[in-house]
> 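One structure, as structure tokens, below. Some questions next.
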Amino acid sequence: MAQKPTIPKGTRDFLPIEVAKRNYIFDTIKTTFQKYGFAPIETPSFELSSTLMGKYGEEGDRLIFRILNSGEKVKKADLKALEENNLPRFANSLSEKALRYDLTVPFARFVVQHQNDLSFPFKRYQIQPVWRADRPQHGRYQEFYQCDADVVGSESLLYEVDFIQLFDEVLSELKIPDFTIYINNRKILSGIAEVTGEQSNLIPITVAIDKLDKIGKDGVINELKEKGISVSAIERIQPLFDLSGDAMEKLEKMRDFLSESEIGLQGISELQKVLGDSHRLGLKNAKLEFDVTLARGLNYYTGAIFEVKVNGVKMGSICGGGRYDDLTGLFGLKDMPGVGISFGADRIYDVLTTLDLFPKQLENDLTVLFANFGEEEESFCLPLLKKLREANISSEIYPSAAKMKKQFKYADDRRAAFVIIIGASEMENQKVTVKEMKTGEQTSVAISELISFISLH
RNA sequence: GUGGCAGUAGCUCAGUAGGUAAGAGCGUCUGGUUGUGACCCAGAAGGUCGGGGGUUCAAUUCCCCUCUGUCACCCCA
């Protein structure tokens, strides 16, 4: 007995209809990226381990898929390290390559490596799968796609403004009716740490307050306490949890709060510029909000931070992004600031499914099916089939003279729009019978009129 | 990586206090004769009850391990 086939943990197969829907999302994103001047690049699915290891923190290293050395290289295994129970070192001796964990670090490597071939500011987009040895959960996989756009080599805030327009355009194009772009600035968070006398605890503070909408005010306060933040600092931070007013009003309040912090005030000014331009330009469907508790886990962000959430749908953020001053420094290229965003295609897919926003058209992968009545009819159909295809109408002929019931059921399963029936009488009259599957209506159409008849429906 | 819950036909699930209890709906296939799908009727196929080990005269049902999924944490898309 054959064993039941399965795919590895955290991976997925995609049916034709699912691929069509995913491509609809990817194509929308790509088209918009290109409209905004981003060019596509690709990088290998695996990199040297040394390129990736240590770039995502200790937790990240654990989640990187390592590729086992093969052939003679297995002899490099460091058995001594194994004896000494030095597992990381042992693992390194077994593996020199690893699967891409995200698109940003490979991009940094790419920029450094090709710096002489690129002109800056360099704008690229990249839509490729990445792999993480994470424990799968609903909506979290070991293999998934990232859709990133980044620009490196400029500190200009015009790019922040651009990215907000881009978020708005892509998601509006996908017909998402109501979503909010949240924006904050790491300099404001640094300012908060500074004026509360907790500079050294910037990371724990940002990680904690980022969880506000998930664990609530008390939860955040508890976490801050656990992380050893002083009581007086926590008291100062607390009012930030319920700032009210519109974005500009909140920024003014923050300006008071941060009046002692130079870096904090700089963050305020940057945000005012970005928000001001955005309001002047206007947005289609997006709301734009300043959220001082928005932090994002990634600690390479140094300036603006973005996150996008769909309103009225119970789901985490569908897009994110931010500015980083020094991503390429790790690979030896200094003074190369960047800013980038990422679309969460899988979550967007779920949102469009939940809200029933996928175009119905995506389900029709076949426009015309010729019914097959036998050899003579078949050869009569073939030239017609070719003509339809030349007119860009996706068509096929049933491969054998099976029962009509079976052929129609096949047409139905394929969601073919039309079935063309050609038997003895049709051949004799030089007319074909066209059945519109949706309505069941049948029409006798002259062969010369066939293409225009199909095209008009 | 830590902890909780789950795993029975292609899908969604019922069931057995351990012993003729392996079932339903949907789906699939065939038929309801001549060139017609979605509705209706009839029939059929399809499961070592996730995998391995243990306890027992006997395990889908109890215990252990493992795999997969799911939830929370960690982290994150």
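Below, chains carry the letters A, B, ... as their sequence lines are ordered, and counting in each starts from 1.
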> Once hydrogens and angles are ignored, does a donor-acceptor distance under 3.5 Å link the base of B:U2 to the side chain of A:Arg135?
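By the distance-only test, yes, there is a pair.
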
> Could you measure between the two P atoms, the one in B:U48 and the one in B:C5, and give it in whole Å?
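Nearest-Å result for B:U48 against B:C5 at atom P: 28 Å.
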
> Atom CD1 of A:Ile348 and atom P of B:A77: how far apart are they, to the nearest Å?
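Roughly 14 Å, once rounded to whole Å.
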
> Distance check, C1' atoms only: B:G46 and B:A38, in whole angstrom units.
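My reading of the C1' atoms in B:G46 and B:A38 gives 25 Å.
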
> So, is the end of the A:Lys21 side chain (NZ or CZ) under 6.0 Å from the ring centre of A:Phe358 and within 45° of the ring's axis?
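Verdict for A:Phe358: a cation-pi partner in A:Lys21.
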
> With a 4.0 Å cut-off on heavy atoms, is A:Ser425 in touch with a base, just the backbone sugar-phosphate, or nothing at all?
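Base: the residue A:Ser425, judged by heavy atoms under 4.0 Å, touches a nucleobase.
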
> With a 4.0 Å cut-off, would you call A:Asp213 and A:Lys309 a salt bridge?
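The answer is yes: the pair qualifies as a salt bridge.
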
> Could you tell me how far B:G7 sits from B:U30 if I compare only their P atoms? Round to whole Å.
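The same atom, P, in both gives a distance of 34 Å.
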
> Determine, for A:Glu59 against A:Arg62, whether the closest basic-nitrogen to carboxylate-oxygen distance falls under 4.0 angstrom.
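Result for this pair is yes, salt bridge flagged.
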
> Considering only heavy atoms and no angle criterion, is a donor-acceptor pair shorter than 3.5 Å present between the side chain of A:Glu58 and the base of B:G1?
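Counting by modelled atom types and ignoring angles, no donor-acceptor contact under 3.5 Å is found here.
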
> Among B:A77, B:C75, B:U36, which nucleotide has an atom closest to any side-chain atom of A:Lys214?
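Selected nucleotide: B:C75.
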
> To the side chain of A:Lys211, which of B:A77, B:C75, B:U36 is closest?
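Nearest to the side-chain atoms of A:Lys211, counting from C-beta on, is B:C75.
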
> Nearest whole Å is fine: how far is B:G69 C1' from A:Arg12 CZ?
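Atom CZ in A:Arg12 sits about 14 Å away from atom C1' in B:G69.
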
> Within this structure, what is the NZ-to-P distance between A:Lys409 and B:U36, rounded to whole angstrom?
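A:Lys409 atom NZ is separated from B:U36 atom P by 16 Å.
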
> Measuring only the C1' atom in each nucleotide, how far is B:G1 from B:G15? A whole number of Å is fine.
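My reading of the C1' atoms in B:G1 and B:G15 gives 37 Å.
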
> With a non-hydrogen cut-off below 4.0 angstrom, is A:Gly316 in contact with a base, only sugar-phosphate, or nothing?
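Here A:Gly316 touches no strand at all.
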
> Work out how far the C1' atom of B:G27 is from that of B:U16, and round it to whole angstrom.
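Between the two C1' atoms, the distance is 27 Å.
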
> I'd like to know if A:Arg109 pairs up with A:Glu47 as an ion pair, taking the criterion as any Lys NZ or Arg NE/NH1/NH2 lying under 4.0 Å from an Asp or Glu carboxylate oxygen.
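Judged by the 4.0 Å cut-off on N to carboxylate O distance, A:Arg109 and A:Glu47 do form a salt bridge.
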
> Start at the 5' end of RNA chain B and walk down; is the nucleotide closest to A:Gly60 or to A:Thr11 reached first?
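The residue closer to the strand's 5' end, by nearest nucleotide, is A:Thr11.
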
> Closer than 4.0 Å, any side-chain N/O of A:Lys403 to the OP1 or OP2 of B:G31?
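The answer is yes; a side-chain N or O of A:Lys403 sits under 4.0 Å from OP1 or OP2.
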
> Could you tell me how far apart A:Asp413 (CG) and B:U36 (P) are, to the nearest whole angstrom?
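Going from A:Asp413 (CG) to B:U36 (P), I get 17 Å.
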
> Do we count A:Phe373 as stacking onto B:G35 if the rule is ring centres under 5.5 Å and planes under 30°?
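Aromatic stack with B:G35 absent for A:Phe373.
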
> If the P atom of B:U8 is compared with that of B:G52, how far apart are they to the nearest Å?
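So the two P atoms sit 16 Å from each other.
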
> Would you mind classifying the nucleic acid contact of A:Gly440 as base, sugar-phosphate or nothing, using non-hydrogen atoms under 4.0 angstrom?
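Result for A:Gly440 = base.
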
> At 4.0 Å (heavy atoms only), tell me whether A:Lys9 reaches a base, stays on the sugar-phosphate, or touches nothing.
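It contacts sugar-phosphate atoms only.
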
> Could you tell me whether A:Tyr410 contacts a base, only the sugar-phosphate backbone, or nothing, with contacts defined as non-hydrogen atoms closer than 4.0 Å?
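Here A:Tyr410 touches no strand at all.
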
> Taking a pair as Watson-Crick (N1 to N3 plus N6-O4 or O6-N4) or G-U wobble (N1-O2 and O6-N3), both under 3.5 Å, which stems of 3 or more consecutive pairs involve RNA chain B?
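Stem list for RNA chain B: B:1-7 with B:67-73, B:10-13 with B:23-26, B:28-32 with B:40-44, B:50-54 with B:62-66.
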
> Ignoring backbone atoms, test whether A:Lys405 places a side-chain nitrogen or oxygen under 4.0 Å from the OP1 or OP2 oxygen of B:U36.
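Checking A:Lys405 against B:U36: no side-chain N or O falls below 4.0 Å of OP1 or OP2.
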
> Which nucleotide wins on minimum distance to the side chain of A:Glu223, given the candidates B:U36, B:C74, B:C29?
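Taking heavy atoms from C-beta onward, the closest nucleotide is B:C74.
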
> In whole angstrom, what separates A:Ile215's CD1 from B:C73's P?
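Distance, rounded to whole Å: 9 Å.
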
> Please report the interatomic distance CG(A:Leu166) to CZ(A:Phe306), rounded to the nearest 0.5 Å.
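Taking CG in A:Leu166 and CZ in A:Phe306, the distance rounds to 10.5 Å.
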
> Cationic tip of A:Arg100 within the cone over A:Phe46's six-membered ring, i.e. under 6.0 Å and within 45° of the normal?
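So A:Arg100 doesn't make the cation-pi contact.
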
> Within 45° of the axis and under 6.0 Å from the centre of the six-membered ring of A:Phe14, does NZ or CZ of A:Arg22 qualify?
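Judged by the rule (NZ or CZ under 6.0 Å from the ring centre, within 45° of its axis), A:Arg22 counts as positioned above A:Phe14.
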
> Over all strands shown, is A:Gln142 touching base, sugar-phosphate only, or nothing at heavy-atom distances under 4.0 angstrom?
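If one applies the 4.0 Å heavy-atom cut-off, A:Gln142 turns out to touch nothing in the nucleic acid.
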
> Base, sugar-phosphate, or nothing for A:Gly10, non-hydrogen atoms under 4.0 angstrom?
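Here A:Gly10 touches the backbone only, sparing every base.
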
> Does the side chain of A:Lys438 get closer than 4.0 angstrom to OP1 or OP2 of B:G37 through an N or O atom?
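Negative; the distance criterion is not met.
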
> Other residues, nucleotides and ligands only: do more than 12 of their heavy atoms fall within 6.0 Å of CD on A:Gln430?
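Counting other residues, nucleotides and ligands, CD of A:Gln430 exceeds 12 neighbours.
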
> Rounded to the Å, how far apart are A:Arg132 CZ and B:G1 C1'?
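To the nearest whole Å, that distance equals 16 Å.
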
> For nucleotides B:C26 and B:A45, find the distance between their C1' atoms and express it as a whole number of Å.
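One C1' to the other, the span is 16 Å.
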
> Look at the side-chain N and O atoms of A:Gln407 and state whether any lies under 4.0 Å from the OP1 or OP2 oxygen of B:G37.
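Checking B:G37 against A:Gln407, no side-chain N or O comes under 4.0 Å of OP1 or OP2.
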
> Taking the six-membered ring of A:Phe107, is the NZ or CZ of A:Arg124 close enough (under 6.0 Å from the centre) and on axis enough (within 45°)?
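Here A:Arg124 passes the 6.0 Å and 45° test against A:Phe107.
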
> How many Å lie between OH on A:Tyr141 and C1' on B:G69, as a whole number?
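Result: 11 Å.
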
> State yes or no: are the ring centers of A:Phe33 and A:Phe26 separated by less than 6.0 Å?
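For A:Phe33 and A:Phe26, the ring centres are not under 6.0 Å apart.
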
> If you take atom types as modelled and just measure distance, does the side chain of A:Lys406 reach the base of B:G37 with a donor-acceptor pair under 3.5 Å?
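Per atom types, no contact qualifies.
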
> A:Ile421 side chain: which of B:C75, B:A77, B:U36 is closest?
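Between B:C75, B:A77, B:U36, the one nearest the side chain of A:Ile421 would be B:U36.
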
> Of the nucleotides B:C75, B:G37, B:C71, which one has an atom closest to the side chain of A:Val207?
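Shortest atom-to-atom distance from the side chain points to B:C75.
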
> 5'-most contact on RNA chain B: A:Glu436 or A:Arg62, nearest heavy atom basis?
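So the residue in question is A:Arg62.
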
> Which part of the nucleic acid does A:Arg347 contact within heavy-atom distance under 4.0 Å: base, sugar-phosphate only, or nothing?
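It contacts sugar-phosphate atoms only.
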
> Give me the distance, rounded to whole Å, that separates B:U33 from B:G69 when you measure between the C1' atoms they each carry.
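Per the computed distance, 49 Å lies between those C1' atoms.
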
> Does A:Tyr349 OH have over 12 foreign heavy atoms under 6.0 Å away?
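Yes, because the 6.0 Å sphere around OH of A:Tyr349 holds more than 12 heavy atoms from other groups.
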
> Provide, to the nearest angstrom, the distance between the CD atom belonging to A:Glu226 and the C1' atom belonging to B:C74.
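After rounding, the reported distance stands at 13 Å.
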
